[in-house]
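A short worksheet on the structure shown next.
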Amino acid sequence: MNQYDVAVIGSGPGGYVAAIRCAQLGMKTAIIEKYATLGGTCLNVGCIPSKALLDSSHHYEDAVKHFEEHGIDIPGEVKVNIEQMIARKQGVVDQTTKGVQFLMDKNKIDVYQGLGSFKDATHINIDSEGGKTETIEAKHTIIATGSKPSTLPFIKLDKERIITSTEALELKEIPKHMIVIGGGVIGLELGQVYKRLGAEVSVVEFMDRIIPGMDGGLSKELMKSLKKQKMKFHLSHKVKSVERKGDEVIVKADDKKGQEVTFTGDYCLVSVGRRPYTDGLNTEAAGVKLDDRGRVEVNEHLQTNVSNIYAIGDVVRGAMLAHKAEEEGTLVAEYLAGQKPHINYNLIPGVVYTWPEVAAVGQTEEQLKEAGVDYKVGQFPMRALGRARASMDIDGFVKILADKATDEVLGVHMIGARCADLITEGVTAMEFRASAEDMARMSHAHPTYAEAVKEAALAATENRPIHI
Ligand SMILES: Cc1cc2nc3c(=O)[nH]c(=O)nc-3n(C[C@H](O)[C@H](O)[C@H](O)COP(=O)(O)OP(=O)(O)OC[C@H]3O[C@@H](n4cnc5c(N)ncnc54)[C@H](O)[C@@H]3O)c2cc1C
C-alpha cells in the first residue's frame, strides 16, 4: 500500500495549491481527483471558461457597437460562430488543466484518478472508473472537494433548457430569451455573455438588489450599467415554479406585492448559489463532522474535529472563491510543516467580471454602519479620467472608506474597466494598514484607471480630489 505524508482529495485551486505547497515543504504528497482532468470547478467549469466566454463576447460587442466609432469599418456583417467560441473556450480550459498536470509532475506529486472515500481516518479508498479500488495510507488528509451548483427544491434541472452554469458554458445556440434566476456573480456574468451575443436576458432576483453582499453603491451602479446594455431586472421576485414545455421554459414568480408574474423564455439559467460537496466521500468512516449546511466543520487552522484531517475551499465556511481556496491550501501545508501561517479573511477581494468589472475588499458601508464605526467616504468617478475617455469606458467609480479618527482604510469598492486588477492596490494598502493619505500620496501612472484610486483616496483624506 502506498503511504503518504499528505493526501489531498480534490484537485481544484484549493487542492492542487495545497498539494504543491506540501511538496515544496518536503512532504510526500498524493492528490486524488474523480474527474479525468485536474483543476476542479475553477479551471473546468468555473472561473476560466466563464472568463474565456466573457472575453469572446466582449470582442463581439465591441466589433458590433464600437468599432465604427473608433474608425474601424468591417465590410459585411459581423457574425457569432458559437461553435468556434465554445471550442476556443475549451482550448483555453484544456491548456490550463494540462498546466496543473505539469505542475503535479514537476513537484513529484502522485496523481490518482478516481473517487476518494475515507476507509478510516488514515486510509482512503480510490475507486476508478474501470471498477478498480486502490487504498492508500496518509498521515494527514486535506479535504478539498469543493462545491456544486445548488437549486431550489421545486426546480427540476433538465440540463438542456433548465440549466446551471456548467451547461451555460456549453450551449450550442444563442438563446432567444434567457431567464436568469439569481442576480449574483455567476448569473450576471453568464447573463451578460448571452446578452452581448444577442439574447434577451431577464434576471429574476429574490432580494431587492443585485450582487447582494457587496456594497450597495456597487449594486446600484452595476444595475444601471447593465440596464443600459438592455439586460432586464426583476428584483424582489420570489420564483415559485419553473416548467418546461417543449422548447419553452416558463418561470412563475411572485412580485413584491404578491402578484404572480410569468416569464417565458427558451432557456432558464438557475444560478442561486453553490452547495458544499461531500457526496461519496464517506466522512462518517473517518468521523469527520459536517455542519447543518453540509460544510466540513473546521477550526482556525482549518483542522476538522479529527486532528489529522483538514478541509479547505468551497467545502468549508467562507466565500466560495478560488483565491480563498488557494490561500487555505497554502495555510494548511505550512501549518503541517510547523509554520505559523495566517489568513486575513477580511482582505480576500471579491470580483464580478461583468463589464464594467466590480471589485471590493474590506468592509462595506452597510457593515461599517451596522458596527457603528465612524467612517468617511472618498469617491471618484471613472468618467473624470483621461484614460477612461480614451477607451470610452466611462462607467463606474472608486470608493474608499476610511476610519474618521485614524484615516486607516477600511474598505475599497470599485466598479469600472479593469477593476478586477485594480483592486489589488486596495488589498496591498489594507494589508499594510495604510491610511487614505498613504494611498493618496503614492504616485500613480498617468493616464491609468488607477488614478481613480489615488483621487478617491485624496477625496477620503481631506476631500481634495484634483480632477473633479
Ligand atoms: C461559473 C463559475 C465562475 C466562477 N468564477 C470565479 C472567479 O472568477 N473567481 C473566483 O475566485 N471564483 C470563481 N468561481 C468559484 C470557484 O470556481 C470556486 O470557488 C473554486 O473552484 C473552489 O475551489 P475548491 O478547490 O474548493 O473546489 P473545486 O474547484 O470545486 O474542486 C473540487 C474538486 O474535487 C473533486 N472531488 C470532489 N469529491 C471528490 C472525491 N470524493 N474524490 C475525488 N475528487 C473529488 C471535484 O471533482 C473537483 O474537481 C466560479 C464558479 C463558477 C461555477
Side-chain angles (χ1 to χ4, degrees), residues 7-19 30-55 89 93 97 100 111-118 124-129 136 141-150 163-170 182 184-193 269-283 285-286 295-296 302 311-330 332 348-354 357-359 420 423:
V8 182
I9 308 180
S11 72
Y16 85 74
V17 168
I31 191 162
I32 305 158
E33 171 55 55
K34 69 176 185 159
Y35 287 130
T37 53
L38 302 177
T41 303
C42 176
L43 274 60
N44 289 281
V45 291
C47 327
I48 300 300
S50 58
K51 266 81 257 178
L53 291 183
L54 276 160
D55 280 342
K89 174 228 59 172
V93 168
T97 57
V100 176
V111 176
Y112 290 87
Q113 199 211 319
L115 180 81
S117 62
F118 284 104
I124 300 160
N125 290 331
I126 303 158
D127 297 319
S128 50
E129 250 178 34
I136 62 170
T141 297
I142 303 175
I143 301 172
T145 50
S147 62
K148 289 274 179 215
S150 53
I163 59 177
T164 69
S165 58
T166 305
E167 296 76 49
L169 297 165
E170 292 281 341
V185 181
I186 293 175
L188 295 180
E189 288 184 7
L190 291 171
Q192 192 176 39
V193 165
L269 168 61
V270 181
S271 50
V272 293
R274 296 181 60 82
R275 64 171 178 93
Y277 184 74
T278 52
D279 299 6
L281 189 60
N282 201 19
T283 43
R295 302 174 297 195
V296 178
L302 296 155
I312 59 173
D314 281 9
V315 81
V316 302
R317 82 284 179 274
M320 286 187 169
L321 291 169
H323 43 286
K324 177 256 193 189
E326 291 185 23
E327 294 306 330
E328 292 185 334
T330 301
V332 172
I348 304 277
V351 176
V352 190
Y353 292 82
T354 47
E357 292 179 335
V358 183
I423 195 61

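We number each residue from 1, following the sequence as shown. Only this structure's heavy atoms are used, side chains among them; waters, hydrogens and symmetry mates stay out. Since we're looking at a predicted model, the values are computed, not measured. In each ligand, atom 1 is the first atom listed, and ligand 1 is the first ligand listed.
For K324 (side chain) and I348 (main-chain N/O), no donor-acceptor pair under 3.5 Å exists by modelled atom type. Side-chain N or O atoms of E189 include one that pairs as donor or acceptor with a backbone N or O of Y353 at under 3.5 Å. Judged by distance alone, with hydrogens and angles left aside, the side-chain atoms of N282 form a donor-acceptor pair with the main-chain N or O of F118 at under 3.5 Å. Using modelled atom types, no side-chain atom of E326 and backbone atom of P13 make a donor-acceptor pair closer than 3.5 Å. Remark: side-chain polar atoms of S150 are paired, donor with acceptor, to backbone N or O of G273 under 3.5 angstrom.
Backbone and side-chain nitrogen or oxygen atoms of G46 are examined, and none is located within less than 3.5 angstrom of a nitrogen or oxygen of ligand 1. Residue contacts with ligand 1: G116 is placed with a nitrogen or oxygen under 3.5 Å of a nitrogen or oxygen of the ligand (distance criterion only). Considering backbone and side-chain atoms alike, G313 places every N or O at 3.5 Å or more from each N or O of ligand 1. Checked against a 3.5 angstrom limit, the closest N/O atoms of R274 and ligand 1 fall outside it. When only interatomic distances are considered, the shortest N/O to N/O separation between S165 and ligand 1 does not fall below 3.5 Å. Ligand 1 has no nitrogen or oxygen under 3.5 angstrom from a nitrogen or oxygen of Y35. Considering backbone and side-chain N/O of E189, none are found under 3.5 Å from N/O of ligand 1. For ligand 1, the polar-atom distance check against Y277 finds no nitrogen or oxygen pair separated by under 3.5 Å. For ligand 1, the polar-atom distance check finds an N/O of C42 within less than 3.5 Å of one of the ligand's N/O atoms.
The ligand atoms of ligand 1 that sit less than 4.0 angstrom from a heavy atom of I9 are 40 (C), 42 (N), 43 (C). Taking a cut-off of under 4.0 Å to the non-hydrogen atoms of Y353, the atoms of ligand 1 that pass are 8 (O). Set against the non-hydrogen atoms of V45, the atoms of ligand 1 under 4.0 Å away are 1 (C), 53 (C). The I32 neighbourhood of ligand 1 comprises atoms 43 (C), 44 (N), with distances under 4.0 Å to a heavy atom of that residue. Listed by atom number, the atoms of ligand 1 under 4.0 Å from I186 heavy atoms are 1 (C), 2 (C), 51 (C), 52 (C), 53 (C). Less than 4.0 angstrom separates some heavy atom of G40 from each of these atoms of ligand 1: 29 (O), 31 (O), 48 (C), 49 (O). Applying the 4.0 Å criterion to heavy atoms of S147 picks out, from ligand 1, the atoms 30 (O). Every atom of ligand 1 is numbered from 1 in the order shown, and the set under 4.0 Å from a heavy atom of A144 is 32 (C), 33 (C), 34 (O).
In plain terms, the two heavy atoms of G280 and L115 that are nearest each other are O-CD2, 4.0 Å. Taking each heavy atom of G39 and N44 in turn, the nearest pair found is C-ND2, 3.8 Å. Scanning all heavy atoms of the two residues, the minimum distance from V351 to A420 falls at CG1-CB, 3.6 Å.
When A168, P13, G114 are checked for heavy-atom proximity to atom 20 (C) of ligand 1, P13 turns out nearest. Of the candidates G14, A420, S271, G187, G14 brings a heavy atom nearest to atom 25 (O) of ligand 1. Taking each of S11, A319, G12, S50 in turn, the one with a heavy atom nearest to atom 31 (O) of ligand 1 proves to be G12.
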For the pair T164 and E167, evaluate side chain to side chain donor-acceptor pair (under 3.5 Å) and give the outcome as yes or no after the intermediate values.
CA-CA 6 Å; T164 69; E167 296 76 49; 2.8 Å; yes
The test is side-chain contact (heavy atoms from CB on, under 4.5 Å); show your working for V8 and E33 and say whether it passes.
CA-CA 9 Å; V8 182; E33 171 55 55; over 6 Å; no
S165 vs V45, test: side-chain contact (heavy atoms from CB on, under 4.5 Å). Steps then yes/no.
CA-CA 8 Å; S165 58; V45 291; over 6 Å; no
Any chance you could lay out the side-chain contact (heavy atoms from CB on, under 4.5 Å) test for T41 and R274, step after step, and finish with the verdict?
CA-CA 11 Å; T41 303; R274 296 181 60 82; 3.3 Å; yes
Please report the C-alpha distance between L43 and L38 in whole Å, then the side-chain angles of each, then the deciding distance to 0.1 Å, and finally whether the side-chain contact (heavy atoms from CB on, under 4.5 Å) criterion is met.
CA-CA 8 Å; L43 274 60; L38 302 177; over 6 Å; no
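Remark: minimum distance from atom 15 (C) of ligand 1 to any protein heavy atom is reached at M320 O, 3.8 Å. Counting only heavy atoms of the protein, atom 45 (C) of ligand 1 lies nearest to K34 CG, 3.9 Å. Nearest to atom 38 (N) of ligand 1 among the protein's heavy atoms is T145 CG2, 3.3 Å. Considering only non-hydrogen protein atoms, atom 46 (C) of ligand 1 sits nearest to E33 OE2, 3.6 Å. Protein heavy atom at the shortest distance from atom 27 (O) of ligand 1 is G146 CA, 3.2 Å. Nearest non-hydrogen protein atom to atom 29 (O) of ligand 1 is T41 N, 3.0 Å. Among all protein heavy atoms, the one lying closest to atom 8 (O) of ligand 1 is K51 NZ, 2.7 Å. In terms of protein heavy-atom proximity, atom 6 (C) of ligand 1 is closest to C47 SG, 3.3 Å.
Between T145 atom OG1 and Y277 atom OH the span is 8.5 Å, to the nearest 0.5 Å. Distance check: L321 CG to D314 CG gives 8.0 Å after rounding to the nearest 0.5 Å. With values rounded to the nearest 0.5 angstrom, L53 atom CG is found 9.0 Å from E170 atom CD.
Residue-ligand proximity: N44 is placed with every non-hydrogen atom at 4.0 Å or more from ligand 1.
Just one of T278, I9, L281 meets the side chain to side chain contact (heavy atoms under 4.5 Å, CB included) condition when paired with V315; it is T278.
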